[in-house]
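Fair warning: this is a prediction, and the values are worked out from it, not measured in the lab.
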Amino acid sequence: MTEPDFAQRTVLITGGSRGIGRACCLRMARAGANIAVNYHSRETDALETVRQAESFGVKAIAVQANVADESSVASMVERIHDQLGAIEMLVNNAGIFEYVTPETTTLDHWRRTIDVNLTGLYIVTWAVKDQMVKRKFGRIVNMSSISALRARAYGIAYSASKAGIIAFTKSASEALIPHNIRMNAVAPGLVETEIIDDVDQTTIDRIVGETPMRRIGTPEEIADVVHFLLSEASRFMLGQTVVACGGRVMLP
Ligand code: NAP
């Protein structure tokens with residue numbers, strides 16, 4: 001059903017080719033927004049997201065860019081502007097996770113993770129914000145993780161990148177709200193996507209056992225939170241990180 005908060009708005013979702021990003025694309029398309037589906041390497045998957053988004057009667061395009069590369073992001077933003085008009089909503093969702101132990105972690109791994117997950121989020125936000133400032137309207141949601149809130153011996157760089165997103169969201173939201181650009185974040189718990197392919201079944205079973213709801217999440221459940229934070233239903237929320245994790249972070 002088309003919703004006034006989303007109808008004809010142009011939304012960019014980074015990492016929209018699959019997983020949580022694809023679910024966000026489809027949730028916003030269902031609400032009536034035109035969708036720019038960013039991807040890094042999986043063009044076929046991005047085109048499948050476009051195909052599914054178009055079935056809701058909206059415009060959708062796939063745009064390749066490495067979020068960690070400033071010139072690649074600048075070209076992406078220009079292309080979206082040309083094809084769909086100014087970007088009014090942004091979901092900074094692209095991210096990588098590599099399962100590394102304290103023994104196997106390297107400086108390269110640290111740099112790659114921080115580059116994509118944290119620096120990439122800054123690069124995309126800053127590339128888009130001038131269009132929002134000009135129009136005096138912007139809604140942004142950043143994808144953090146409960147890894148930022150719990151100890152993660154096998155994902156030190158990932159946890160640090162996701163904690164950085166929470167701090168970025170607080171500071172950038174204060175900086176941008178005078179321009180009516182409202183920014184919040186989501187911190188999902190474990191969600192059924194390819195990113196957890198590296199996590200062994202014993203670990204997944206342990207996490208499910210530690211989760212009061214006794215299950216992992218679906219991409220659609222996270223997309224519903226993103227939809228809420230982009231909509232005017234959350235109009236008094238700013239700089240917040242909403243946790244969606246089946247209750248796991250309530251536990252010590
Ligand atoms: P996923 O299925 O692995 O999808 C990752 C997405 O990010 C893909 O669309 C991928 O594009 C894109 N991407 C990766 N590197 C990129 C780059 N350098 N530039 C542009 N796009 C890039 O993972 P997911 O679970 O949906 O993850 C989405 C977000 O949710 C991530 O930020 C992740 O950290 C966060 N999250 C996930 C979970 C979970 O349990 N699943 C929990 C908490 C937070 P290609 O398809 O082109 O490779």
Side-chain angles (χ1 to χ4, degrees), residues 13-27 39-42 44-46 48-49 67-68 91-121 141-169 185-226 241-252:
I13 292 123
T14 66
S17 43
R18 51 198 166 98
I20 294 170
R22 174 181 283 174
C24 291
C25 290
L26 301 182
R27 183 68 190 85
Y39 67 99
H40 183 218
S41 55
R42 306 251 295 249
T44 308
D45 288 334
E48 175 57 21
T49 306
V67 293
V91 182
N92 277 313
N93 163 78
I96 54 170
F97 169 78
E98 295 161 352
Y99 188 98
V100 286
T101 65
E103 292 73 34
T104 57
T105 192
T106 62
L107 182 57
D108 270 356
H109 159 75
W110 170 274
R111 288 204 166 117
R112 196 164 49 246
T113 304
I114 299 292
D115 255 18
V116 175
N117 293 2
L118 185 56
T119 311
L121 187 141
V141 174
N142 300 325
M143 200 58 68
S144 179
S145 163
I146 63 162
S147 298
L149 309 171
R150 293 179 60 101
R152 280 282 181 285
Y154 53 83
I156 296 169
Y158 182 78
S159 304
S161 72
K162 294 297 180 179
I165 290 173
I166 294 176
F168 175 86
T169 302
V186 184
L190 202 66
V191 175
E192 182 67 63
T193 70
E194 283 182 44
I195 211 171
I196 64 168
D197 282 356
D198 268 6
V199 183
D200 64 78
Q201 194 55 46
T202 312
T203 305
I204 292 178
D205 291 345
R206 179 180 52 74
I207 291 170
V208 169
E210 287 170 7
T211 304
M213 285 191 177
R214 294 287 183 268
R215 65 175 179 85
I216 67 175
T218 67
E220 290 73 24
E221 286 170 329
I222 305 308
D224 280 341
V225 181
V226 171
T241 298
V242 176
V243 177
C245 69
R248 189 154 178 246
V249 295
M250 293 192 298
L251 305 179

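- Under 4.0 Å is where a charged nitrogen must lie from a carboxylate oxygen, and between R112 and E98 at least one such pair does.
- In terms of modelled atom types and a separation under 3.5 Å, the side chain of T211 and the main chain of M213 share no donor-acceptor contact.
- Across every non-hydrogen atom of A23 and E220, the tightest pair is CB-N, 3.9 Å.
- For the residue pair S161/N117, the side-chain donor-acceptor check at 3.5 Å is satisfied.
- Within the 4.5 Å cutoff, the side chain of R27 has no heavy atoms near those of the V226 side chain.
- For the pair P188/E221, no side-chain contact is recorded, criterion being any heavy-atom separation below 4.5 Å from C-beta on.
- Note that the CD1 atom of I165 and the OG1 atom of T241 stand 9.0 Å from one another [nearest 0.5 Å].
- Separation of atoms OG1 (T169) and CG (N142) is listed at 4.0 Å; rounding is to 0.5 Å.
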Exercise. Would you please test N93 and T14 for side-chain hydrogen bond (donor to acceptor under 3.5 Å, both in side chains) and show each step?
Key: CA-CA 5 Å; N93 163 78; T14 66; 5.3 Å; no

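- At a threshold of 4.5 Å between non-hydrogen side-chain atoms, the residues P219 and V191 count as touching.
- Judged purely by atom type and a 3.5 angstrom limit, T101 uses its side chain to pair as donor or acceptor with the backbone of T104.
- Listed for the S145 side chain is no donor-acceptor partner under 3.5 Å among the backbone atoms of A148.
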Exercise. Tell me, with the steps shown, if D45 and T49 meet side-chain contact (heavy atoms from CB on, under 4.5 Å).
Key: CA-CA 6 Å; D45 288 334; T49 306; 5.7 Å; no

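- Smallest separation of non-hydrogen atoms from A46 and S17: N-CB, 3.7 Å.
- Using a 4.5 Å heavy-atom threshold, the side chains of R18 and E48 count as separate.
- Within the 4.5 Å cutoff, the side chain of I204 has no heavy atoms near those of the I207 side chain.
- The minimum heavy-atom distance linking I114 with A157 is given by the pair CD1-O, 3.9 Å.
- Within 6.0 Å of the CZ atom in R215, the count of heavy atoms belonging to other residues, nucleotides or ligands exceeds 12.
- Judged purely by atom type and a 3.5 angstrom limit, K162 uses its side chain to pair as donor or acceptor with the backbone of M143.
- The side-chain heavy atoms of N92 and V141, taken from C-beta on, include no pair separated by under 4.5 Å.
- A salt bridge links E194 with R42: at least one charged nitrogen is closer than 4.0 Å to a carboxylate oxygen.
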Practice problem: Begin from the C-alpha positions of T202 and D205 and carry the test side-chain hydrogen bond (donor to acceptor under 3.5 Å, both in side chains) through to its verdict. | Solution: CA-CA 5 Å; T202 312; D205 291 345; 5.8 Å; no

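- Closest approach of A94 to G15, counting heavy atoms only: CB-N, 3.8 Å.
- Once rounded to the nearest 0.5 Å, the distance linking CD1 of I222 with SG of C245 reads 9.0 Å.
- With values rounded to the nearest 0.5 angstrom, T113 atom OG1 is found 11.0 Å from L118 atom CG.
- To the nearest 0.5 Å, atom CD1 of residue I146 and atom CZ of residue R248 are 5.0 Å apart.
- Of the inter-residue distances, the one linking C24 atom SG with I13 atom CD1 reads 6.0 Å to the nearest 0.5 angstrom.
- For the pair Y158 and S147, the tightest heavy-atom approach, listed with the atom from each and the gap, is CE2-OG, 3.4 Å.
- Below 30°, between 30° and 60°, or above 60°: for Y154 and Y99 the angle between ring planes is below 30°, a parallel geometry.
- Electrostatic pairing of E210 and R150 counts as a salt bridge here, judged by a charged N lying under 4.0 Å from a carboxylate O.
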